[in-house]
Amino acid sequence: MKAEISKNYNPSEIESRWYQYWLDNKLFESKPNPEKEAFAIVIPPPNVTGVLHMGHMLNNTVQDVLVRKARMEGKEAVWVPGTDHASIATEAKVVALLKEQGLDKKQLGREKFLEHAFAWKEKYGGIILEQLKKLGASCDWSRTRFTMEPELSKAVIDVFVDLYNKGLIYRGVRMVNWDPLGLTALSDEEVIHKEVRSKLYYVRYELENAQGHLTVATTRPETIMGDTALCVHPEDERYRHLIGQKAKVPLVNRWVNIIADDYIDREFGTGVLKVTPAHDINDYNLGLKHKLQVIDVLNPDGTLSEAAEIMVGEDRFVARKKAAKMLAEQGLLEKEEEITNNVGTSERTGAVIEPRISMQWFLKMESLAKPALEVVENDTVKLHPAKFKGMYRAWMENVHDWCISRQLWWGQQIPAFYMKDGTILVAPTKKEALKIARDKYRLFALNESDIEQDPDVLDTWFSSWLWPISVFDGFKNPDNEDIRYYYPTNDLVTAPEILFFWVARMIMAGLEYRKEVPFKNVYLTGIVRDKQGRKMSKSLGNSPDPLDLIAQYSADGVRIGMLLSSPAGNDLLFDEKLCEQGRNFTNKLWNAFRLVGGWEVKEQEISSLDSLAVSWMQARMNQALKESNDLFTKFRISDALHVMYKLIWDDFCSFYLEIIKPAYGQPIGSSVLQETISIFDWLLRFAHPFMPFVTEEIWHQLGERKSGDSICIASYPSEKVVDADLLSQVSVVVEELLVPIRNYRNSNQISPKTVLEGLQISNANSWVKPYLPLVVKLGNTAEFTFADSLSGQVFAGKRLDWSVPQEERELNAEEKEKLMAELEYTKGFLLQVEQKLSNERFVANAKADLVEKERQKKTDAEAKIAALEKVLAS
RNA sequence: GGGAGCAUAGCUCAGCUGGUUCAGAGCAUCUGCCUUACAAGCAGAGGGCCGGGGGUUCGAAUCCCUCUGCUCCCA
């Protein structure tokens, strides 16, 4: 142990020093080792464009705790890091950057654009991984992957080709979610529904033969020009007579049929629907059913197209207002009404989604979803907390085909090649496509310039769903050592919002390509919100910069802060105070070390009191370890942290150390110090997964360590038998003797320095004798004397009666009241117990030990009542 | 409109298949202490008809029904 211990713990210097030490000694690197059990976590790859936010902090802290614990438990632990190419987000960012430089994506062309994008990625991509190091993340950085690196892209392409050949991928015209800002299709999962206030316009459609008009309620008057029918409910008495007749579409004065369908909700608006097959999914389906014409009045960018005939080129929202105005001018706008409705917005660009008919690629989900549901139902993959199972089931049972094509350039280009006649050749490369043309279609003359590759790329999730396999090169070489050893991985830690996007699909891919699930446990973290419960976001400015937090509270402090109040699956209401609490805890640990490391030592056998303290502390440690391990198996990490926190703060610092602490200026006995150091060492290893830096620093100062040694690879404490009797006896002594003595001091304003004299304890409590030295020390009392009958002020507990000497005085009113209340309570309690015991059905039905416990309660209560009455009578 | 879930102390939550004086923890609050590792600390205390109503049971915070209020997911 070093002589000099700095008075203050200096985290920033210590944290960067140890992180470098860990890297230098390659402590996080892992290779398959048949001697050891494998433990693997793959990181949910953050976007290359990303910077660390609070969600990452929580998520990665949890992963680090899990992987560090596994590593210390002697498993061959690996945490594979990497980043995601994030098609839309990254492309949007690069496009914006180019725009600043006066460059345009289309003018540049695909090749040049991708060059810019890659340059951008090289420069800014992966900042987030550097930031993770500040948090202490023990990733195996030598294994860092990127979803768009050549190997991983190849896996994506091969999987596409394979699924196409299996008949699971098809191309078709469908109504998709169109992002008019990103100019791409999106999957259902990328659409976020938001409630907004909007206007419902009541529009008049003139009827033929001067029969008047029909009023239609619509939120989208700008699509009126695309109407190709009106529709009413077949049994709606109001309109039945009009079915089969014609109505005139306003603004464009086109006659359309009035049709009937029981899809119509008679309650909504006027019960008449304008059918616009090109711009609404339900209308689209109606259109298919009734073979209606489709008039697409919008351009991809959300402006009105030539087909609209009027307002061509106007933005859809501008056109909406104009259309309303025009209708009003023509006397066709009956009224406007404020309503609340749901609109879909793009997860990435925020633009209001436009349902749009277009040619896209789809993956059939049904056959993939079925087995993926099964493995969650039967707990092959466990969701933590399990409440997400229900949500998972609901989604998997109603899964839609996955639109996997995106009209972007940043990503894996779809390996489909089109011949001039429209024939599709799906192959990893152009060469191989030509080979198919030759082999399958016998087109020997076809050459490269005769076929053209689909310009679109694949949805980013189409590469991330392969992540747990592809990071171990399981596609390139399905039998390699890594994948055989690490797959299936153990735990996946992620946010519930991507349960379907990502988790479900990884399970599908795992089952499809490895015939095995990709992970055994899925820990779903909550969303990090601010104190008012608002989601943290850039626009609200309510998200603290994680690096600032680390600078202020230390990485250990922030880690503790994040975990203190984040049970799995619950949103975390983040409050900087939690980080402060975390920092205070690291500080507490440091100060405990200053105490233990700062004593003069003298050769001495251990005293019986110290020996008791050591046995008790060890019993508490074993108890806490058992609890903690149990909580870890249930993924109740936050609770496990609480167990550790209380063990160190309350049991070790406030109790154990106070017992063994020698009087001021006195040296400590060598034996008890040795015991204390090994206890401390144990506690550090127990705490290390949560707070890696401070534990490493103290651990190194606490004993002689070899070069390259680290607490990261020291062994995690192992479970031993808990001495439960010792624990329960000490807790009785604390609750019924020590705490009341301290209370007595408080209420009588006796200084802690004053030695309490003349305490008596009842002879009936002789079992307590061995524990009295503990009370003498912590309560600062003189020796107790045993007596048959107590004199002075008597304190009556359940198991212990004792007294302090006192000049003759009446109990004051307050004290009396308190004792009376206690007496009343105990009497009531006794009554309940007696009733229970006299209830034959209880005695007959309840378990024997339970009845025995009730009997014990009865004797305890009776004893207490007698003692209280005695005190009150005196 | 369909589905999942929640309601326990001022706040955030725990309380597993009913039974340990079961009504708990942390934070916050209050009281007293600058006690010799730590005031970023120490020693204590107060605080809840377990959302309302009904039922099952010897026994309900826990199981069932219902009402009310909230959240999330999907359309």
Side-chain angles (χ1 to χ4, degrees), chain A residues 5 7-9 188-189 191 193 265 267-268 281-282 342 344 385 387-395 397-400 496-497 499-500 527 531 533 553 557 564-567 569-575 577-578 580-599 631 634 636 638-639 641-643 645-646 649 653-654 657-658 661-666 738-747 749-753 778-780 798 825-826 828-830 832-833 835-836 838-847 849-851 853-854 856-857 860-861 864:
Chain A
I5 303 168
K7 170 126 168 95
N8 294 311
Y9 176 60
D188 291 343
E189 291 70 37
V191 178
H193 293 272
D265 175 3
E267 309 298 316
F268 185 82
I281 180 67
N282 298 310
N342 263 320
K387 68 176 179 187
F388 285 104
K389 241 170 133 169
M391 245 171 74
Y392 184 86
R393 184 186 313 119
W395 190 76
E397 282 172 352
N398 297 296
V399 69
H400 297 109
E497 51 204 53
L499 188 58
F500 311 129
I527 296 165
K531 259 189 290 185
Y553 299 106
L564 268 174
S565 78
S566 52
N570 277 14
D571 287 359
L572 163 69
L573 296 193
F574 182 78
D575 185 343
K577 278 207 167 131
L578 293 168
E580 195 179 320
Q581 197 186 340
R583 177 201 58 186
N584 293 353
F585 183 55
T586 59
N587 193 50
K588 184 75 183 174
L589 197 62
W590 182 254
N591 278 304
F593 169 62
R594 283 182 59 211
L595 179 69
V596 172
W599 283 312
L631 290 165
K634 295 174 182 152
R636 296 178 56 156
S638 184
D639 292 338
L641 168 65
H642 273 102
V643 167
Y645 183 96
K646 287 201 274 186
W649 199 306
C653 293
S654 300
L657 287 178
E658 291 299 330
K661 187 156 101 179
Y664 180 57
Q666 296 297 305
L738 184 58
V739 169
I741 285 173
R742 284 167 167 171
N743 264 329
Y744 173 77
R745 274 184 193 282
N746 264 343
S747 54
Q749 295 180 319
I750 302 168
S751 154
K753 288 178 199 162
L778 295 182
N780 194 21
K798 238 176 8 186
Y825 175 81
T826 315
F829 175 72
L830 177 64
Q832 260 184 322
V833 174
Q835 273 170 357
K836 218 182 234 186
S838 61
N839 181 338
E840 277 171 38
R841 281 185 290 181
F842 169 72
V843 181
N845 293 331
K847 283 185 223 138
D849 61 329
L850 196 74
V851 178
K853 269 177 194 157
E854 289 300 316
Q856 182 63 48
K857 280 189 210 167
D860 286 352
K864 189 163 179 184

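Letters A, B, ... mirror the listed sequences (proteins, then strands); counts begin at 1. These numbers were taken from a predicted model, which means no experiment stands behind them.
Taking the salt bridge (charged side-chain N to carboxylate O under 4.0 Å, His left out) definition, one finds that Lys588(A) meets it with nothing, sequence neighbours left out. For Lys577(A), the salt bridge (charged side-chain N to carboxylate O under 4.0 Å, His left out) criterion is met by no residue, not counting sequence neighbours. Under the side-chain contact (heavy atoms from CB on, under 4.5 Å) criterion, Pro662(A) pairs with Trp599(A), Gln666(A), Ile668(A), sequence neighbours left out. With sequence neighbours excluded, the residues satisfying salt bridge (charged side-chain N to carboxylate O under 4.0 Å, His left out) with Lys389(A) are Asp379(A). Taking Asn398(A) as the reference, nothing meets the side-chain contact (heavy atoms from CB on, under 4.5 Å) condition, with sequence neighbours excluded. Here Lys634(A) pairs with Asp630(A), Arg636(A) under the side-chain contact (heavy atoms from CB on, under 4.5 Å) rule; sequence neighbours left out. Looking at residues two or more places apart in sequence or on another chain, you find a side-chain contact (heavy atoms from CB on, under 4.5 Å) between Asn780(A) and Arg745(A), Val755(A). Partners of Glu497(A) according to the salt bridge (charged side-chain N to carboxylate O under 4.0 Å, His left out) rule, which considers only residues two or more places apart in sequence or in another chain, do not exist here. Every residue two or more places apart in sequence or in another chain was checked for a side chain to side chain donor-acceptor pair (under 3.5 Å) with Tyr392(A), and none qualifies.
Whole-Å rounding puts the Phe388(A) CZ to U71(B) P distance at 16 Å. Phe500(A) has its CZ atom 15 Å from the P atom of C72(B), to the nearest Å. The distance between atom CE of Met391(A) and atom C1' of U71(B), rounded to the nearest whole Å, is 12 Å. A straight line from OH of Tyr645(A) to P of U12(B) spans 19 Å, rounded to a whole angstrom. The distance between atom CG of Leu657(A) and atom C1' of U36(B), rounded to the nearest whole Å, is 14 Å. In this structure, the CZ atom of Arg745(A) is 17 Å from the C1' atom of U31(B), given to the nearest Å. Put simply, OH on Tyr392(A) is 15 Å from P on C74(B), counting in whole angstrom units. The CG-C1' distance, from Asp639(A) to G24(B), rounds to 12 Å in whole Å.
Taking atom P in both C34(B) and C27(B), the straight-line distance is 23 Å, to the nearest Å. Annotation: G51(B) and G15(B) have their P atoms spaced 15 Å apart (nearest Å). Look at the C1' atom in both U35(B) and A43(B): the space between them is 10 Å, to the nearest Å. A gap of 15 Å separates the P atoms of A28(B) and U12(B), to the nearest Å. The same atom, P, is picked in G54(B) and in A14(B); the two are 27 Å apart, to the nearest Å. Rounded to whole Å, the separation between the C1' atoms of G47(B) and U29(B) comes to 9 Å. For the C1' atoms, the distance from C16(B) to G10(B) is 28 Å, rounded to whole Å. U56(B) and G18(B): their C1' atoms are spaced 11 Å apart (whole Å).
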Per-nucleotide protein contact string for nucleotides 41-48 of chain B (B base, S sugar-phosphate only, - none; heavy atom under 4.0 Å): SSBSS---

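Proximity note for Arg583(A) (side chain, C-beta onward) versus C16(B), A25(B), A40(B): the nearest is A40(B). Comparing C73(B), A40(B), A37(B) against the side chain of Arg594(A) picks out A37(B) as the nearest. Ranking G3(B), A37(B), G26(B) by closeness to the Ala394(A) side chain, first place goes to G3(B).
At G15(B), one or more side-chain N or O atoms of Arg636(A) fall inside 4.0 Å of OP1 or OP2 (strictly under the cut-off).
Between Trp395(A) and Phe500(A), the angle of the ring planes stays under 30°, which puts this pair in the parallel group of the 30/60° scheme.
Without hydrogens or angle criteria, Thr586(A) side chain to Gly557(A) main chain gives no donor-acceptor distance under 3.5 Å.
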Secondary structure string for RNA chain B (Watson-Crick or G-U under 3.5 angstrom, | for other-strand pairs): (((((((..((((.....[....)))).(((((.......))))).....(((((..]....)))))))))))).

Give each protein N/O atom lying under 3.5 Å from an N/O atom of nucleotides 28-30 of chain B, with the pair distance.
none

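Considering only heavy atoms from C-beta on, Arg742(A) stays 4.5 Å or farther from Asn746(A) through its side chain.
Contact annotation for Ala592(A): base contact, defined as any heavy-atom pair under 4.0 Å involving a base atom.
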